[in-house]
Amino acid sequence: MLQVQVIRQNREEVIRRLRVKNFKNLELVDEVLSLDEDRKRLTQQYDEGRATLNRLSDQISTLFKAGQKALGEEKKGETTTVKQTLGEVTEALQVAEARLQESLVLLPNLPHASVPPGNTPGDNELVRDSGTLPVISGTPLPHWEIARIYQLIDFDLGARITGSGFPVYRDQGARLQWALIRFFLEFNRSRGYMEYMPPLLVNPATAFGTGQLPDKESQMYFVEGDQFYLIPTAELPLTNIYRDANLKAEELPIRMTAYSPCFRREAGSYGKDVKGLNRLHQFEKVEIVQITHPDQSYEALEGMVRHVEELIGLLGLPYRILRLCGGDMSFASALTYDFEVWSVGQQKWLEVSSVSNFETFQSNRMKIRFRDTDSRPRLVHTLNGSSLALPRIVASLLELNQGPEGIRIPGPLQPFFGNDRISPVP
RNA sequence: GGAGAGAUGGCUGAGCGGUUUAAAGCGGCGGUCUUGAAAACCGUUGAGGCUAAUAACCUCCGGGGGUUCGAAUCCCUCUCUCUCCGCCA
C-alpha cells in the first residue's frame, strides 16, 4: 500500500512510475488525493466537535461537584446539538476513510528506477546467465518420462486422490524432495537466515499484509468454515511474524527462512504449461525473507540474488537471471529478479525463483516499523525470494543428469540424499 | 464442543463512571557525582492524525458496537490467553 503522503508530495512522479508498471487506472491517483482531502477536512470537523464536547463535559462535572445541579442539567441540554452534529461528522468521516482505503489498496507499488518498461516476458532484461547451454548425447527425455521410468512421481495417482496438479512422490522421488529441502535450508542457515516452521493456513489480515488480498484472492484456496487461506508461499506467515512490530535499528536486518508446501489454484492455466512438474497446485518451496533498514534494502536485494545464484550453481544447473519489466512484475513489488533454469528435455527455460524488494509497500500494510536514533518510527523495507522452489529444479535436475547408470545427484546434494545417483528400479 | 476467569504503555502491574492530561516499579535515554565505571540522586521516556512546529487540539487501555453530558471503568459481540470437563495425534 502506497503512503498517501508520498503520493501527495510526488503526484507527477507517481503517475509516471505507475505507467512503467503498465497500470491503466491512473485516475485513481487523483481520486485518492481528493478522498484524502475529504478525510482531512472531516477529521478537523470531528476534532473540533470532540473538543467542544470535552469542554462541556468538564464544565458539567465542575457544576455537579459544586452542587449546582440545575445549571448542570442546563449544560447537558447544550450537548444535544453538538452531539448530533458530531454524529453526522463521525459517520461521514468513517465513510471517507473507508473509501480512501478502498482506493488506496488498488494502487500497485511503484517500480524502482531501474525497472525496464514493457509488458510481456519478452521485455524482461537479461542480467546474466551461466554461459553456453549443455548438450546431451542422444535424445534427452523430459522429466515426466524419467519420473515414470524411475517411479519417482505419480501424476495420475495424485489426480485420483485429489486432482490434477497434486503429484504423489514415491521412494527415491520423495527422498529427493526432502534432500533438496534440507540442503536449501542448511545453505540459507549458513548465511544467517533464522529457520522457521510456520502455519500453512493464514487469516485474512495476514494475506492482506503481504498484498495477496485483495489483489490475488482468486489464486488462493480458502477454507470456508474458518475463514483461512492456504498459503501460496511461506512469505505470508514469515513476513507477518513482524506485523505491528516496533524494531530497533540495531535489530535490522532480520533474515528468515522456511520450508513450506505452497498451494495455488492457478486458475486459467492450461496446455503444455501444466505438463509434468511445470505448474502444480501444491508444490514444495524454501523461502527467504529479509526485513531491512530502508537505506540498505537494495544492497540486501543484490545479496539475495547472489545467494540464490550460488545455490543454483551448487546444483550445477544452467540458469539465467532476468530483471522483470514493469508489466511483468507483481502488484506489490518495486523490483524483481527472476531466476530460470534450463530444461534440456523440454528445451525451454523454467522459472525457479523470484527475488523482490517491496520497499514499504508491505510494511505500510503490516505496520512494521523501526526507530532510528532520536527519529520517529519509520517503515522498514521487506524483501523475499525463493531459495528455492522444488518442482522445476527437480525437472531440470532429472533431465540434465540422466544417463545409462541412473540419474547423477550433484555433489553438494549427495550427503542429503544419501547416494550419488537415483538408481533404476529393479 | 461445554463451564468459568482474564486481555491496560518496551516489560511487570494499579485503576473498576468525572483532577487518569493512565499510578508505581523495571527497562531505555540524558544529567549530577567520579580519573572512568557502578551505586545513589535528579530529569526524561508510547503510537497515530492535523501542523512550519519538539505549540495547541483530537484519537488510541485486545477488535467492533452500545449506554451516558462524560467510559480503561457499565452493557452487547467477536478474537485470543488461562483453568476445569469432554474429545484426540
Side-chain angles (χ1 to χ4, degrees), chain A residues 1-9 32-105 197-209 213 222-229 237 240-252 254 291 360 363-380:
Chain A
M1 189 163 68
L2 298 178
Q3 293 162 275
V4 183
Q5 203 185 359
V6 171
I7 302 174
R8 197 189 308 141
Q9 288 166 358
V32 162
L33 289 177
S34 153
L35 287 168
D36 188 50
E37 287 306 314
D38 290 348
R39 181 193 61 84
K40 276 161 76 169
R41 183 171 44 78
L42 288 163
T43 300
Q44 199 186 342
Q45 289 177 23
Y46 173 82
D47 285 358
E48 282 165 7
R50 288 296 309 186
T52 308
L53 204 56
N54 287 345
R55 271 196 304 277
L56 284 170
S57 288
D58 282 348
Q59 289 169 11
I60 291 166
S61 165
T62 311
L63 288 171
F64 273 102
K65 276 184 186 160
Q68 297 179 294
K69 279 202 160 170
L71 277 172
E73 289 299 333
E74 201 181 307
K75 276 280 178 207
K76 277 195 193 179
E78 284 181 36
T79 63
T80 316
T81 45
V82 180
K83 280 181 78 175
Q84 198 187 333
T85 314
L86 188 60
E88 286 162 12
V89 171
T90 305
E91 208 171 308
L93 179 60
Q94 281 169 351
V95 170
E97 281 175 342
R99 279 202 192 137
L100 174 61
Q101 183 73 6
E102 278 166 27
S103 298
L104 201 52
V105 298
M197 190 177 272
L200 308 180
L201 282 73
V202 297
N203 59 34
T206 294
F208 174 79
L213 289 181
F222 184 59
V223 180
E224 196 68 50
D226 294 288
Q227 310 278 294
F228 292 148
Y229 292 92
N240 274 276
I241 286 173
Y242 284 93
R243 171 140 51 99
D244 293 319
N246 243 320
L247 300 159
K248 291 175 186 148
E250 57 265 30
E251 291 179 82
L252 303 173
I254 289 163
I291 294 175
T360 60
S363 62
N364 188 32
R365 289 180 170 213
M366 284 182 278
K367 300 293 174 239
I368 308 179
R369 294 179 289 234
F370 78 102
R371 186 188 288 280
D372 234 336
T373 42
D374 75 62
S375 78
R376 303 183 85 183
R378 292 168 62 193
L379 294 171
V380 298

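First the proteins, then the strands, lettered A, B, ... as listed; each starts at 1.
Spacing of P atoms, B:rC57 relative to B:rG66, comes out at 27 Å, to the nearest Å. Comparing B:rG46 with B:rG10, their P atoms are spaced 10 Å from each other, to the whole Å. Taking atom C1' in both B:rG18 and B:rG70, the straight-line distance is 7 Å, to the nearest Å. Straight-line distance between the C1' atoms of B:rU83 and B:rA71: roughly 30 Å, to the nearest whole Å. Atom C1' of B:rU59 sits at a distance of 11 Å from the matching atom of B:rC50, rounded to the whole Å.
Regarding A:Gln227, its CD atom lies at a distance of 13 Å from the C1' atom of B:rU79, rounded to whole Å. Distance NZ (A:Lys367) to C1' (B:rG46): 17 Å, rounded to an integer number of Å. In this structure, the CZ atom of A:Arg369 is 14 Å from the P atom of B:rG46, given to the nearest Å. Computed from coordinates, the A:Gln45 CD to B:rC50 C1' distance equals 14 Å when rounded to whole Å. A:Lys248 has its NZ atom 18 Å from the P atom of B:rU45, to the nearest Å.
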Its contact letters, B for base, S for sugar-phosphate only and - for none at protein heavy atoms under 4.0 Å, make nucleotides 59-70 of chain B read S-----S---BS

Test side-chain hydrogen bond (donor to acceptor under 3.5 Å, both in side chains) on A:Ser61 and A:Asp58; report intermediate values, then the result.
CA-CA 5 Å; A:Ser61 165; A:Asp58 282 348; 6.0 Å; no

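Close to B:rU51, at under 4.0 Å from its OP1 or OP2, lies a side-chain N or O of A:Lys40.
Without hydrogens or angle criteria, A:Asn240 side chain to A:Thr206 main chain gives a donor-acceptor distance under 3.5 Å. In this structure, A:Thr79 contributes its side chain and A:Lys75 its backbone to no donor-acceptor pair below 3.5 Å. At distances below 3.5 Å, at least one donor-acceptor pair connects side-chain atoms of A:Ser363 with backbone N or O atoms of A:Val380.
Stems are defined here as 3 or more consecutive Watson-Crick or G-U wobble pairs with pairing distances under 3.5 Å; those involving RNA chain B are B:1-7 with B:79-85, B:10-12 with B:24-26, B:27-32 with B:40-45, B:46-49 with B:57-60, B:62-66 with B:74-78.
Taking a 4.0 Å limit (strictly below) on heavy-atom distances, residues 32-39 of chain A reaches RNA chain B at A:Arg39.
The neighbour count for A:Glu91 CD, taken as heavy atoms of other residues, nucleotides or ligands under 6.0 Å away, does not exceed 12.
In this view, A:Tyr242 satisfies the ring pair (Phe, Tyr, Trp, His ring centres under 6.0 Å) rule with no residue, not counting sequence neighbours.
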Pairs: protein N or O with nucleotides 7-12 of chain B N or O, under 3.5 Å:
none

Within the sub-3.5 Å range, which N or O atoms of nucleotides 53-56 of chain B have a protein N or O partner, and how far apart are they?
none

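Using a 4.0 Å cut-off between charged side-chain N and carboxylate O, A:Asp36 and A:Arg39 make a salt bridge.
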